[in-house]
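All values below were derived from every heavy atom in this structure, side-chain atoms included, with hydrogens, water molecules and symmetry-related copies excluded. Just so we're clear, the structure is a prediction, and the values are computed from it rather than from any experiment. Reminder, nothing fancy here: chain letters follow the sequence lines and each chain counts from 1.
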Amino acid sequence: MAWTNEDLREQFAEIATLLRLKGEDQFRVRAYERAADAIAAARVDLATLDRDELAALPGIGKSTAEKILEQRAHGTIRLLADLRAEIPTGLIELTRVPGLGPKTAVQLHRELGVDSVEALQAALEAQQVRELPGLGAKTEDNLRVAISRMGAKDTARVPVADALPVAEALRAELAALPEAVEVAYAGSLRRMRETVGDIDILAASTEPGPVMQAFHAAPVVREILAAGEKKSSVLTVRGLQADLRVVAPEAWGAALVYFTGSKAHNIRIRERAVRRGLTLNEYGLFQRDDAAEDGIGERVASRTEADVYAALDLDWVPAPMREDSGEVEAAAEGRLPRVVTLADLRGDLHGHSDWSGDGKVPLEDMVAAAAARGWDYWAVTDHAEDLALNGLSKAQMLARRERISALNEAVDITVLDGAELNIDGEGGLDYDWDFLLTFDWCVASIHTLFARGEAEQTQRILSAMQHPAVHAIGHPTGRKIGKRPGYDIDLDAVLDAAAETGTALEINGSPHRLDIAADVVRRAVERGVTLTIATDAHSLGDLDNARWGVLTAQRGWATAGDVLNCRALQGLRAFVAAKRERVG
DNA sequence: GCCGTTTTCGGCCCGACTGTTTTCAGTCG
(Lines give C-alpha, C1' and ligand atoms only; values in the text may rest on other atoms or scores of the structure.)
Protein backbone atom coordinates (compact mmCIF):
# COMPACT_ATOMS: atom_id res chain seq x y z
CA MET A 1 0.00 0.00 0.00
CA ALA A 2 1.34 3.38 -1.00
CA TRP A 3 1.15 5.87 1.82
CA THR A 4 3.00 9.04 2.62
CA ASN A 5 4.22 10.97 5.64
CA GLU A 6 1.26 13.29 5.12
CA ASP A 7 -1.21 10.38 5.42
CA LEU A 8 0.46 9.41 8.68
CA ARG A 9 0.46 12.92 10.00
CA GLU A 10 -3.26 13.22 9.37
CA GLN A 11 -3.98 9.98 11.18
CA PHE A 12 -2.02 10.96 14.30
CA ALA A 13 -3.59 14.41 14.31
CA GLU A 14 -7.01 12.75 14.15
CA ILE A 15 -6.11 10.46 17.02
CA ALA A 16 -5.17 13.51 19.08
CA THR A 17 -8.42 15.30 18.23
CA LEU A 18 -10.56 12.27 19.06
CA LEU A 19 -8.71 11.60 22.31
CA ARG A 20 -9.27 15.20 23.34
CA LEU A 21 -13.00 14.90 22.60
CA LYS A 22 -13.01 11.74 24.65
CA GLY A 23 -11.60 13.70 27.58
CA GLU A 24 -8.30 11.87 27.59
CA ASP A 25 -5.34 13.11 29.67
CA GLN A 26 -4.13 16.34 28.05
CA PHE A 27 -0.49 15.30 28.08
CA ARG A 28 -1.24 12.11 26.21
CA VAL A 29 -3.24 14.18 23.71
CA ARG A 30 -0.35 16.56 23.29
CA ALA A 31 2.05 13.68 22.79
CA TYR A 32 0.00 12.59 19.76
CA GLU A 33 -0.13 16.16 18.46
CA ARG A 34 3.62 16.38 18.76
CA ALA A 35 4.01 13.06 17.03
CA ALA A 36 1.96 14.47 14.15
CA ASP A 37 4.19 17.58 14.09
CA ALA A 38 7.30 15.40 14.18
CA ILE A 39 6.03 13.41 11.20
CA ALA A 40 5.32 16.63 9.32
CA ALA A 41 8.82 17.91 10.07
CA ALA A 42 10.54 14.67 9.02
CA ARG A 43 12.48 15.09 5.81
CA VAL A 44 12.80 11.39 5.14
CA ASP A 45 10.14 9.00 3.95
CA LEU A 46 9.10 7.26 7.17
CA ALA A 47 8.31 4.14 5.17
CA THR A 48 12.04 3.59 4.83
CA LEU A 49 12.78 3.59 8.58
CA ASP A 50 12.75 0.67 11.02
CA ARG A 51 11.40 0.66 14.54
CA ASP A 52 14.51 2.00 16.24
CA GLU A 53 15.07 4.70 13.66
CA LEU A 54 11.48 5.86 14.03
CA ALA A 55 11.67 5.95 17.84
CA ALA A 56 14.89 7.97 17.62
CA LEU A 57 13.05 10.88 15.96
CA PRO A 58 12.28 13.66 18.45
CA GLY A 59 8.66 13.46 19.56
CA ILE A 60 8.28 9.87 18.44
CA GLY A 61 8.72 7.10 21.01
CA LYS A 62 8.24 3.37 21.19
CA SER A 63 4.44 3.48 21.13
CA THR A 64 4.20 5.81 18.15
CA ALA A 65 6.85 3.84 16.27
CA GLU A 66 4.76 0.70 16.79
CA LYS A 67 1.69 2.43 15.43
CA ILE A 68 3.59 3.60 12.35
CA LEU A 69 4.66 0.01 11.71
CA GLU A 70 1.08 -1.09 12.28
CA GLN A 71 -0.12 1.38 9.69
CA ARG A 72 2.51 0.17 7.28
CA ALA A 73 1.58 -3.48 7.73
CA HIS A 74 -2.21 -3.22 7.86
CA GLY A 75 -3.05 0.17 6.38
CA THR A 76 -4.83 1.19 9.57
CA ILE A 77 -4.12 1.96 13.20
CA ARG A 78 -6.31 0.03 15.59
CA LEU A 79 -6.51 2.86 18.11
CA LEU A 80 -7.77 5.25 15.42
CA ALA A 81 -10.37 2.77 14.17
CA ASP A 82 -11.64 2.26 17.73
CA LEU A 83 -11.83 5.98 18.38
CA ARG A 84 -13.69 6.60 15.14
CA ALA A 85 -16.25 3.99 16.15
CA GLU A 86 -16.63 5.55 19.56
CA ILE A 87 -16.71 9.31 18.90
CA PRO A 88 -19.44 10.77 16.64
CA THR A 89 -17.78 12.26 13.55
CA GLY A 90 -19.93 15.38 13.83
CA LEU A 91 -18.06 16.44 16.95
CA ILE A 92 -14.88 17.09 14.96
CA GLU A 93 -16.89 19.26 12.60
CA LEU A 94 -18.24 21.19 15.58
CA THR A 95 -14.78 22.00 16.88
CA ARG A 96 -14.00 23.67 13.54
CA VAL A 97 -16.39 26.45 14.51
CA PRO A 98 -14.15 29.26 15.81
CA GLY A 99 -14.65 29.73 19.52
CA LEU A 100 -16.12 26.27 19.97
CA GLY A 101 -13.67 23.84 21.52
CA PRO A 102 -13.79 20.17 22.54
CA LYS A 103 -15.32 20.76 25.94
CA THR A 104 -18.28 22.67 24.59
CA ALA A 105 -18.70 20.29 21.64
CA VAL A 106 -18.98 17.32 24.00
CA GLN A 107 -21.38 19.24 26.25
CA LEU A 108 -23.60 20.16 23.29
CA HIS A 109 -23.66 16.56 22.15
CA ARG A 110 -24.31 15.11 25.59
CA GLU A 111 -26.99 17.57 26.67
CA LEU A 112 -28.70 18.43 23.39
CA GLY A 113 -27.75 15.63 21.03
CA VAL A 114 -26.01 18.12 18.74
CA ASP A 115 -23.80 16.19 16.32
CA SER A 116 -23.33 18.55 13.37
CA VAL A 117 -23.10 22.24 12.53
CA GLU A 118 -26.66 22.02 11.15
CA ALA A 119 -27.93 20.57 14.43
CA LEU A 120 -26.11 23.32 16.29
CA GLN A 121 -27.81 25.96 14.15
CA ALA A 122 -31.20 24.43 15.00
CA ALA A 123 -30.33 24.44 18.72
CA LEU A 124 -29.28 28.08 18.43
CA GLU A 125 -32.58 28.98 16.74
CA ALA A 126 -34.48 27.24 19.54
CA GLN A 127 -32.39 29.14 22.12
CA GLN A 128 -31.48 25.87 23.79
CA VAL A 129 -27.76 26.59 24.05
CA ARG A 130 -28.22 29.44 26.54
CA GLU A 131 -29.88 27.01 28.95
CA LEU A 132 -26.69 25.00 29.42
CA PRO A 133 -24.42 25.77 32.39
CA GLY A 134 -21.58 28.14 31.54
CA LEU A 135 -23.20 29.23 28.26
CA GLY A 136 -25.46 32.22 27.68
CA ALA A 137 -27.17 34.42 25.12
CA LYS A 138 -23.93 36.11 24.15
CA THR A 139 -22.34 32.75 23.40
CA GLU A 140 -25.30 31.91 21.16
CA ASP A 141 -24.74 35.16 19.23
CA ASN A 142 -21.03 34.48 18.88
CA LEU A 143 -21.61 30.96 17.59
CA ARG A 144 -24.16 32.18 15.06
CA VAL A 145 -21.69 34.75 13.70
CA ALA A 146 -18.86 32.23 13.68
CA ILE A 147 -20.93 29.73 11.67
CA SER A 148 -21.97 32.34 9.11
CA ARG A 149 -18.32 33.31 8.66
CA MET A 150 -17.34 29.71 8.08
CA GLY A 151 -19.80 29.62 5.20
CA ALA A 152 -18.22 32.73 3.72
CA LYS A 153 -14.81 31.02 3.67
CA ASP A 154 -13.39 33.95 5.60
CA THR A 155 -11.32 31.68 7.76
CA ALA A 156 -9.22 30.14 4.97
CA ARG A 157 -5.49 30.78 4.82
CA VAL A 158 -4.55 33.38 2.23
CA PRO A 159 -1.47 33.53 -0.02
CA VAL A 160 1.39 35.46 1.54
CA ALA A 161 1.33 37.83 -1.43
CA ASP A 162 -2.16 38.98 -0.46
CA ALA A 163 -1.37 39.34 3.24
CA LEU A 164 1.87 41.30 2.84
CA PRO A 165 0.29 44.59 1.67
CA VAL A 166 -2.28 44.50 4.49
CA ALA A 167 0.42 43.79 7.07
CA GLU A 168 2.64 46.52 5.67
CA ALA A 169 -0.23 49.02 5.76
CA LEU A 170 -0.94 48.23 9.42
CA ARG A 171 2.72 48.33 10.33
CA ALA A 172 3.24 51.71 8.66
CA GLU A 173 0.10 53.11 10.29
CA LEU A 174 1.34 52.23 13.79
CA ALA A 175 5.01 53.02 13.17
CA ALA A 176 4.04 56.63 12.44
CA LEU A 177 2.73 57.08 15.99
CA PRO A 178 4.98 58.94 18.42
CA GLU A 179 3.90 56.46 21.14
CA ALA A 180 5.21 53.46 19.18
CA VAL A 181 8.86 52.65 19.94
CA GLU A 182 8.97 49.57 17.74
CA VAL A 183 6.50 48.00 15.32
CA ALA A 184 6.92 44.80 13.33
CA TYR A 185 4.84 42.05 11.90
CA ALA A 186 5.59 38.63 13.29
CA GLY A 187 3.96 35.22 12.99
CA SER A 188 3.96 33.09 9.87
CA LEU A 189 4.34 36.22 7.75
CA ARG A 190 7.75 36.95 9.29
CA ARG A 191 8.67 33.31 8.88
CA MET A 192 7.70 33.67 5.20
CA ARG A 193 5.27 30.81 5.09
CA GLU A 194 3.53 30.56 1.73
CA THR A 195 0.09 31.12 3.16
CA VAL A 196 -0.94 32.83 6.37
CA GLY A 197 -3.95 32.34 8.60
CA ASP A 198 -3.76 35.78 10.17
CA ILE A 199 -1.50 38.79 10.53
CA ASP A 200 0.36 39.27 13.82
CA ILE A 201 1.48 42.80 14.55
CA LEU A 202 3.67 43.58 17.53
CA ALA A 203 4.33 47.00 18.98
CA ALA A 204 6.51 48.23 21.83
CA SER A 205 5.20 51.21 23.76
CA THR A 206 4.85 52.61 27.24
CA GLU A 207 1.42 53.92 26.23
CA PRO A 208 -0.62 51.07 24.70
CA GLY A 209 -3.87 53.05 24.59
CA PRO A 210 -3.19 55.29 21.58
CA VAL A 211 -1.56 52.40 19.72
CA MET A 212 -4.64 50.24 20.21
CA GLN A 213 -6.90 53.07 19.11
CA ALA A 214 -4.90 53.68 15.96
CA PHE A 215 -5.06 49.96 15.19
CA HIS A 216 -8.84 49.89 15.54
CA ALA A 217 -9.14 52.98 13.33
CA ALA A 218 -6.77 51.84 10.57
CA PRO A 219 -8.26 52.12 7.06
CA VAL A 220 -7.87 48.41 6.31
CA VAL A 221 -9.87 47.42 9.41
CA ARG A 222 -13.47 46.31 8.84
CA GLU A 223 -14.55 45.04 12.23
CA ILE A 224 -13.19 44.75 15.76
CA LEU A 225 -13.40 41.18 17.02
CA ALA A 226 -11.82 41.56 20.47
CA ALA A 227 -10.28 44.54 22.23
CA GLY A 228 -8.26 44.48 25.43
CA GLU A 229 -5.53 46.62 26.94
CA LYS A 230 -2.65 44.58 25.57
CA LYS A 231 -4.23 42.63 22.74
CA SER A 232 -6.76 43.28 20.00
CA SER A 233 -8.12 41.29 17.08
CA VAL A 234 -9.70 42.83 14.00
CA LEU A 235 -11.05 41.70 10.67
CA THR A 236 -9.39 43.46 7.72
CA VAL A 237 -10.44 44.18 4.17
CA ARG A 238 -9.63 40.74 2.83
CA GLY A 239 -11.49 38.86 5.52
CA LEU A 240 -8.08 38.33 7.02
CA GLN A 241 -7.80 38.56 10.79
CA ALA A 242 -5.09 40.75 12.28
CA ASP A 243 -3.95 40.66 15.90
CA LEU A 244 -2.04 43.41 17.66
CA ARG A 245 -0.06 42.93 20.85
CA VAL A 246 1.50 45.86 22.65
CA VAL A 247 4.35 45.22 25.08
CA ALA A 248 6.76 47.38 27.07
CA PRO A 249 9.94 48.30 25.16
CA GLU A 250 12.13 46.26 27.53
CA ALA A 251 10.13 43.14 26.59
CA TRP A 252 10.52 43.67 22.83
CA GLY A 253 12.91 40.81 22.12
CA ALA A 254 11.02 38.22 24.15
CA ALA A 255 7.73 39.32 22.63
CA LEU A 256 9.14 39.15 19.11
CA VAL A 257 10.37 35.60 19.72
CA TYR A 258 7.01 34.63 21.14
CA PHE A 259 4.87 36.12 18.36
CA THR A 260 7.11 34.99 15.55
CA GLY A 261 6.71 31.34 16.53
CA SER A 262 6.34 28.80 15.22
CA LYS A 263 4.37 27.31 18.05
CA ALA A 264 6.48 24.16 17.88
CA HIS A 265 9.70 26.22 17.98
CA ASN A 266 8.42 28.18 20.98
CA ILE A 267 7.50 25.06 22.90
CA ARG A 268 10.95 23.69 22.17
CA ILE A 269 12.80 26.66 23.60
CA ARG A 270 10.42 27.02 26.56
CA GLU A 271 11.09 23.44 27.50
CA ARG A 272 14.77 24.23 27.28
CA ALA A 273 14.16 27.16 29.63
CA VAL A 274 12.31 24.96 32.11
CA ARG A 275 15.17 22.47 32.19
CA ARG A 276 17.45 25.32 33.16
CA GLY A 277 15.26 26.51 36.00
CA LEU A 278 13.96 29.39 33.88
CA THR A 279 10.61 30.30 32.45
CA LEU A 280 10.04 32.02 29.12
CA ASN A 281 6.98 34.05 28.20
CA GLU A 282 6.32 37.05 25.96
CA TYR A 283 7.67 39.43 28.60
CA GLY A 284 11.04 37.85 29.06
CA LEU A 285 13.14 34.98 30.25
CA PHE A 286 12.93 34.76 34.05
CA GLN A 287 14.42 32.82 36.91
CA ARG A 288 11.96 30.45 38.49
CA ASP A 289 11.26 31.40 42.07
CA ASP A 290 9.12 28.99 44.06
CA ALA A 291 8.93 31.51 46.90
CA ALA A 292 7.22 34.10 44.70
CA GLU A 293 3.45 33.97 44.37
CA ASP A 294 3.52 33.59 40.59
CA GLY A 295 6.64 31.43 40.67
CA ILE A 296 8.51 34.00 38.59
CA GLY A 297 11.73 35.61 39.80
CA GLU A 298 14.37 37.87 38.36
CA ARG A 299 14.41 38.79 34.66
CA VAL A 300 17.33 37.22 32.81
CA ALA A 301 16.82 38.52 29.25
CA SER A 302 14.16 40.24 27.15
CA ARG A 303 15.48 43.33 25.33
CA THR A 304 16.45 41.72 22.04
CA GLU A 305 15.84 38.36 20.42
CA ALA A 306 19.56 37.65 20.50
CA ASP A 307 19.62 38.28 24.28
CA VAL A 308 16.89 35.70 24.83
CA TYR A 309 18.53 33.06 22.64
CA ALA A 310 21.93 33.71 24.16
CA ALA A 311 20.58 33.28 27.70
CA LEU A 312 19.35 29.85 26.63
CA ASP A 313 22.81 29.02 25.20
CA LEU A 314 21.44 29.17 21.69
CA ASP A 315 22.66 31.02 18.64
CA TRP A 316 20.11 33.49 17.30
CA VAL A 317 17.88 31.67 14.83
CA PRO A 318 16.72 33.55 11.71
CA ALA A 319 12.91 33.75 11.79
CA PRO A 320 12.26 31.69 8.63
CA MET A 321 14.11 28.73 10.18
CA ARG A 322 11.93 28.59 13.30
CA GLU A 323 9.86 25.54 12.44
CA ASP A 324 11.27 22.97 14.88
CA SER A 325 12.90 21.11 12.04
CA GLY A 326 16.29 20.74 13.68
CA GLU A 327 17.17 24.41 14.14
CA VAL A 328 17.04 24.35 17.96
CA GLU A 329 19.48 21.44 18.14
CA ALA A 330 21.73 23.10 15.57
CA ALA A 331 21.62 26.42 17.45
CA ALA A 332 22.54 24.62 20.67
CA GLU A 333 25.53 22.96 19.06
CA GLY A 334 26.73 26.05 17.20
CA ARG A 335 26.20 24.42 13.82
CA LEU A 336 23.36 26.54 12.52
CA PRO A 337 24.24 27.37 8.91
CA ARG A 338 24.86 31.06 8.21
CA VAL A 339 21.98 31.44 5.82
CA VAL A 340 22.05 33.84 2.89
CA THR A 341 21.00 37.44 3.48
CA LEU A 342 19.88 40.22 1.18
CA ALA A 343 23.30 41.85 1.58
CA ASP A 344 24.97 38.74 0.13
CA LEU A 345 23.29 39.19 -3.27
CA ARG A 346 25.61 40.57 -5.93
CA GLY A 347 23.05 40.73 -8.71
CA ASP A 348 19.82 39.41 -10.17
CA LEU A 349 19.54 36.74 -12.85
CA HIS A 350 15.93 36.94 -14.03
CA GLY A 351 14.23 40.16 -15.09
CA HIS A 352 12.33 41.71 -17.97
CA SER A 353 12.36 45.03 -19.79
CA ASP A 354 9.74 46.47 -22.12
CA TRP A 355 11.56 44.86 -25.01
CA SER A 356 9.43 41.84 -24.19
CA GLY A 357 5.66 42.18 -24.28
CA ASP A 358 5.03 41.72 -20.58
CA GLY A 359 7.84 43.93 -19.28
CA LYS A 360 6.55 47.33 -18.19
CA VAL A 361 9.70 49.44 -17.86
CA PRO A 362 12.43 50.51 -20.34
CA LEU A 363 15.69 48.59 -20.10
CA GLU A 364 17.62 51.72 -19.11
CA ASP A 365 15.34 52.34 -16.12
CA MET A 366 15.47 48.74 -14.95
CA VAL A 367 19.26 48.84 -15.12
CA ALA A 368 19.42 52.12 -13.21
CA ALA A 369 17.19 50.69 -10.48
CA ALA A 370 19.30 47.53 -10.26
CA ALA A 371 22.47 49.65 -10.02
CA ALA A 372 20.88 51.74 -7.28
CA ARG A 373 20.58 48.57 -5.20
CA GLY A 374 24.33 48.23 -5.26
CA TRP A 375 24.29 45.11 -7.39
CA ASP A 376 27.31 44.26 -9.55
CA TYR A 377 25.28 42.76 -12.38
CA TRP A 378 21.76 42.46 -13.70
CA ALA A 379 20.67 39.95 -16.30
CA VAL A 380 17.90 41.14 -18.59
CA THR A 381 16.09 37.94 -19.55
CA ASP A 382 13.35 39.04 -21.90
CA HIS A 383 11.19 36.27 -23.31
CA ALA A 384 12.49 34.54 -26.41
CA GLU A 385 10.70 34.00 -29.74
CA ASP A 386 8.65 30.91 -28.92
CA LEU A 387 6.43 32.81 -26.53
CA ALA A 388 4.33 34.31 -29.29
CA LEU A 389 2.78 37.18 -27.38
CA ASN A 390 5.78 38.44 -25.49
CA GLY A 391 8.88 37.02 -27.09
CA LEU A 392 11.66 38.65 -29.10
CA SER A 393 12.72 37.47 -32.54
CA LYS A 394 16.37 36.80 -33.24
CA ALA A 395 16.60 40.18 -35.01
CA GLN A 396 15.08 41.94 -32.01
CA MET A 397 17.48 40.18 -29.69
CA LEU A 398 20.39 41.35 -31.82
CA ALA A 399 19.08 44.91 -31.72
CA ARG A 400 18.70 44.69 -27.95
CA ARG A 401 22.24 43.33 -27.74
CA GLU A 402 23.55 46.55 -29.31
CA ARG A 403 21.63 48.57 -26.74
CA ILE A 404 23.13 46.47 -23.95
CA SER A 405 26.67 46.98 -25.29
CA ALA A 406 26.18 50.73 -25.37
CA LEU A 407 24.62 50.69 -21.92
CA ASN A 408 27.54 48.72 -20.50
CA GLU A 409 29.85 51.51 -21.63
CA ALA A 410 27.76 54.05 -19.74
CA VAL A 411 26.67 52.49 -16.47
CA ASP A 412 28.27 51.33 -13.28
CA ILE A 413 26.78 47.85 -13.34
CA THR A 414 27.28 44.94 -15.72
CA VAL A 415 24.22 44.26 -17.81
CA LEU A 416 24.15 40.62 -18.82
CA ASP A 417 22.65 39.83 -22.22
CA GLY A 418 20.11 37.21 -21.26
CA ALA A 419 16.95 35.43 -22.28
CA GLU A 420 14.14 33.52 -20.67
CA LEU A 421 13.76 30.57 -22.98
CA ASN A 422 10.55 28.63 -23.36
CA ILE A 423 10.75 24.88 -22.84
CA ASP A 424 8.41 23.40 -25.43
CA GLY A 425 6.38 20.20 -25.18
CA GLU A 426 9.33 18.02 -26.09
CA GLY A 427 11.96 19.87 -24.08
CA GLY A 428 13.11 21.92 -27.07
CA LEU A 429 14.09 25.60 -26.84
CA ASP A 430 13.83 28.83 -28.83
CA TYR A 431 16.17 29.87 -31.71
CA ASP A 432 18.90 27.57 -32.93
CA TRP A 433 21.53 25.73 -30.90
CA ASP A 434 24.42 28.04 -31.75
CA PHE A 435 22.58 31.30 -31.28
CA LEU A 436 21.74 30.30 -27.71
CA LEU A 437 25.46 30.04 -27.02
CA THR A 438 25.89 33.73 -27.84
CA PHE A 439 23.97 34.87 -24.73
CA ASP A 440 25.71 35.66 -21.44
CA TRP A 441 22.96 34.01 -19.43
CA CYS A 442 19.86 31.94 -20.15
CA VAL A 443 17.10 30.79 -17.86
CA ALA A 444 14.71 28.21 -19.30
CA SER A 445 11.14 27.87 -18.08
CA ILE A 446 7.89 26.04 -18.77
CA HIS A 447 5.02 28.34 -19.72
CA THR A 448 2.61 25.99 -21.46
CA LEU A 449 1.11 22.48 -21.44
CA PHE A 450 0.80 22.29 -17.66
CA ALA A 451 -1.48 19.26 -17.82
CA ARG A 452 1.12 16.80 -19.11
CA GLY A 453 1.88 13.75 -17.00
CA GLU A 454 4.80 13.48 -14.60
CA ALA A 455 7.11 11.44 -16.83
CA GLU A 456 6.67 13.76 -19.81
CA GLN A 457 6.89 16.91 -17.74
CA THR A 458 10.07 15.75 -16.03
CA GLN A 459 11.60 14.80 -19.34
CA ARG A 460 10.94 18.30 -20.74
CA ILE A 461 13.04 19.83 -17.97
CA LEU A 462 15.78 17.21 -18.10
CA SER A 463 16.08 17.71 -21.87
CA ALA A 464 16.35 21.48 -21.48
CA MET A 465 19.10 21.02 -18.89
CA GLN A 466 21.14 19.14 -21.47
CA HIS A 467 21.69 22.31 -23.50
CA PRO A 468 25.03 23.99 -22.65
CA ALA A 469 23.41 27.45 -22.76
CA VAL A 470 20.69 26.66 -20.22
CA HIS A 471 22.18 27.97 -17.00
CA ALA A 472 19.13 27.88 -14.80
CA ILE A 473 15.58 26.55 -14.74
CA GLY A 474 13.08 29.33 -14.00
CA HIS A 475 10.15 28.84 -11.59
CA PRO A 476 10.84 25.11 -11.74
CA THR A 477 7.45 23.77 -10.60
CA GLY A 478 5.20 26.40 -12.16
CA ARG A 479 2.96 26.70 -9.14
CA LYS A 480 1.08 29.87 -8.19
CA ILE A 481 0.33 29.97 -4.50
CA GLY A 482 -3.38 29.65 -3.80
CA LYS A 483 -4.17 29.57 -7.53
CA ARG A 484 -2.72 26.49 -9.11
CA PRO A 485 -0.48 23.64 -8.02
CA GLY A 486 2.77 23.05 -9.84
CA TYR A 487 2.82 20.69 -12.78
CA ASP A 488 3.66 17.09 -12.02
CA ILE A 489 7.39 16.59 -11.97
CA ASP A 490 9.72 14.09 -10.37
CA LEU A 491 11.60 16.52 -8.14
CA ASP A 492 14.24 13.99 -7.15
CA ALA A 493 15.09 13.45 -10.81
CA VAL A 494 15.20 17.21 -11.44
CA LEU A 495 17.45 17.83 -8.42
CA ASP A 496 19.80 15.04 -9.44
CA ALA A 497 19.97 16.30 -13.02
CA ALA A 498 20.61 19.86 -11.86
CA ALA A 499 23.58 18.69 -9.79
CA GLU A 500 24.84 16.44 -12.57
CA THR A 501 24.62 18.94 -15.43
CA GLY A 502 25.72 21.97 -13.43
CA THR A 503 22.39 23.74 -14.01
CA ALA A 504 21.08 26.08 -11.34
CA LEU A 505 17.55 25.94 -9.98
CA GLU A 506 15.81 29.24 -9.44
CA ILE A 507 14.14 30.41 -6.26
CA ASN A 508 11.64 32.74 -7.88
CA GLY A 509 11.06 35.52 -5.37
CA SER A 510 7.67 36.65 -6.62
CA PRO A 511 5.43 36.23 -3.57
CA HIS A 512 2.84 34.68 -5.88
CA ARG A 513 5.29 31.94 -6.80
CA LEU A 514 8.13 31.32 -4.30
CA ASP A 515 9.24 28.59 -6.63
CA ILE A 516 11.11 26.39 -5.78
CA ALA A 517 9.45 26.16 -2.37
CA ALA A 518 11.45 26.21 0.87
CA ASP A 519 11.23 22.46 1.48
CA VAL A 520 12.57 21.83 -2.01
CA VAL A 521 15.34 24.36 -1.38
CA ARG A 522 16.40 22.33 1.61
CA ARG A 523 16.51 19.13 -0.40
CA ALA A 524 18.49 20.94 -3.11
CA VAL A 525 20.99 22.24 -0.56
CA GLU A 526 21.48 18.76 0.86
CA ARG A 527 22.33 17.50 -2.63
CA GLY A 528 24.70 20.33 -3.50
CA VAL A 529 22.49 21.83 -6.20
CA THR A 530 23.37 25.43 -7.11
CA LEU A 531 20.49 27.88 -6.63
CA THR A 532 19.68 31.35 -7.88
CA ILE A 533 17.55 33.90 -6.04
CA ALA A 534 15.66 35.74 -8.76
CA THR A 535 13.16 38.59 -8.80
CA ASP A 536 11.55 37.80 -12.17
CA ALA A 537 10.98 41.56 -12.19
CA HIS A 538 8.54 42.95 -14.74
CA SER A 539 8.49 46.38 -13.08
CA LEU A 540 10.73 48.48 -10.82
CA GLY A 541 8.86 47.46 -7.67
CA ASP A 542 9.31 43.78 -8.50
CA LEU A 543 13.03 44.15 -7.77
CA ASP A 544 11.93 43.99 -4.12
CA ASN A 545 11.09 40.33 -4.75
CA ALA A 546 14.73 39.67 -3.90
CA ARG A 547 13.67 40.00 -0.27
CA TRP A 548 11.04 37.25 -0.46
CA GLY A 549 13.42 35.05 -2.40
CA VAL A 550 16.07 35.44 0.30
CA LEU A 551 13.58 34.61 3.07
CA THR A 552 12.47 31.50 1.16
CA ALA A 553 16.12 30.50 0.77
CA GLN A 554 16.55 30.97 4.53
CA ARG A 555 13.56 28.72 5.19
CA GLY A 556 15.41 26.13 3.12
CA TRP A 557 18.66 26.61 5.08
CA ALA A 558 20.57 27.88 2.02
CA THR A 559 23.85 29.72 2.57
CA ALA A 560 25.47 32.30 0.32
CA GLY A 561 27.68 29.48 -0.92
CA ASP A 562 24.63 27.69 -2.33
CA VAL A 563 23.42 30.74 -4.25
CA LEU A 564 25.00 31.57 -7.61
CA ASN A 565 24.14 35.28 -7.57
CA CYS A 566 26.05 35.72 -4.32
CA ARG A 567 29.20 35.19 -6.36
CA ALA A 568 31.12 38.01 -7.98
CA LEU A 569 30.76 38.41 -11.74
CA GLN A 570 33.90 36.35 -12.31
CA GLY A 571 32.44 33.43 -10.35
CA LEU A 572 29.20 33.68 -12.29
CA ARG A 573 31.10 33.59 -15.58
CA ALA A 574 33.02 30.55 -14.37
CA PHE A 575 29.73 28.75 -13.66
CA VAL A 576 28.52 29.56 -17.19
CA ALA A 577 31.80 28.32 -18.68
CA ALA A 578 31.68 25.15 -16.61
CA LYS A 579 28.20 24.32 -17.88
CA ARG A 580 29.42 24.62 -21.46
CA GLU A 581 32.38 22.37 -20.67
CA ARG A 582 30.27 19.77 -18.91
CA VAL A 583 27.48 19.19 -21.42
CA GLY A 584 28.77 21.02 -24.50
C1' DG B 1 2.80 9.26 25.28
C1' DC B 2 7.52 11.36 25.55
C1' DC B 3 11.73 12.31 27.77
C1' DG B 4 16.37 13.46 30.74
C1' DT B 5 23.16 19.16 31.95
C1' DT B 6 18.37 17.94 38.64
C1' DT B 7 15.22 13.12 36.94
C1' DT B 8 14.13 6.20 33.72
C1' DC B 9 9.67 8.71 37.40
C1' DG B 10 7.19 12.54 37.39
C1' DG B 11 6.86 16.06 35.28
C1' DC B 12 5.09 18.05 30.75
C1' DC B 13 4.85 26.17 27.64
C1' DC B 14 2.44 30.25 28.80
C1' DG B 15 -0.69 34.23 28.96
C1' DA B 16 -4.83 37.27 27.09
C1' DC B 17 -9.57 37.69 26.33
C1' DT B 18 -14.49 36.42 26.70
C1' DG B 19 -18.43 35.06 28.94
C1' DT B 20 -19.98 33.35 32.56
C1' DT B 21 -19.04 33.82 36.75
C1' DT B 22 -18.43 36.02 42.16
C1' DT B 23 -12.88 33.26 41.19
C1' DC B 24 -12.84 30.59 36.81
C1' DA B 25 -13.28 27.56 32.55
C1' DG B 26 -12.84 27.46 27.78
C1' DT B 27 -10.61 28.86 23.74
C1' DC B 28 -7.00 30.67 21.11
C1' DG B 29 -2.48 31.56 19.55
For a quick check of understanding: with a heavy-atom distance under 4.0 Å over all strands, which category does [X] fall into, base, sugar-phosphate or nothing?
| X | answer |
| --- | --- |
| I269(A) | nothing |
| A137(A) | sugar-phosphate |
| R268(A) | nothing |
| G187(A) | nothing |
| K230(A) | sugar-phosphate |
| S233(A) | nothing |
| R96(A) | nothing |
| F27(A) | base |

message = I need the NZ-P distance between K138(A) and dT21(B), as an integer number of Å.
response =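 It is 15 Å, rounded to the nearest whole Å.
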
key: Quiz item: Y258(A) side-chain donor-acceptor pair to dG29(B) base, under 3.5 Å   =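 Such a pair is found, so the answer is yes.
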
query = Given the C1' atoms of dG1(B) and dT5(B), what is the spacing between them in whole Å?
reply =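 It comes out at 24 Å once rounded to the nearest Å.
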
Heavy-atom check, side chain of T260(A) versus side chain of R322(A), under 4.5 Å =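 In contact.
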
request  = Answer with yes or no whether the side chains of S302(A) and R299(A) bring together a donor and an acceptor at under 3.5 Å.
outcome  =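 Yes.
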
Derivation of the salt bridge (charged side-chain N to carboxylate O under 4.0 Å, His left out) call for R523(A) and D492(A) = CA-CA 9 Å; R523(A) 285 160 68 186; D492(A) 286 312; 3.1 Å; yes

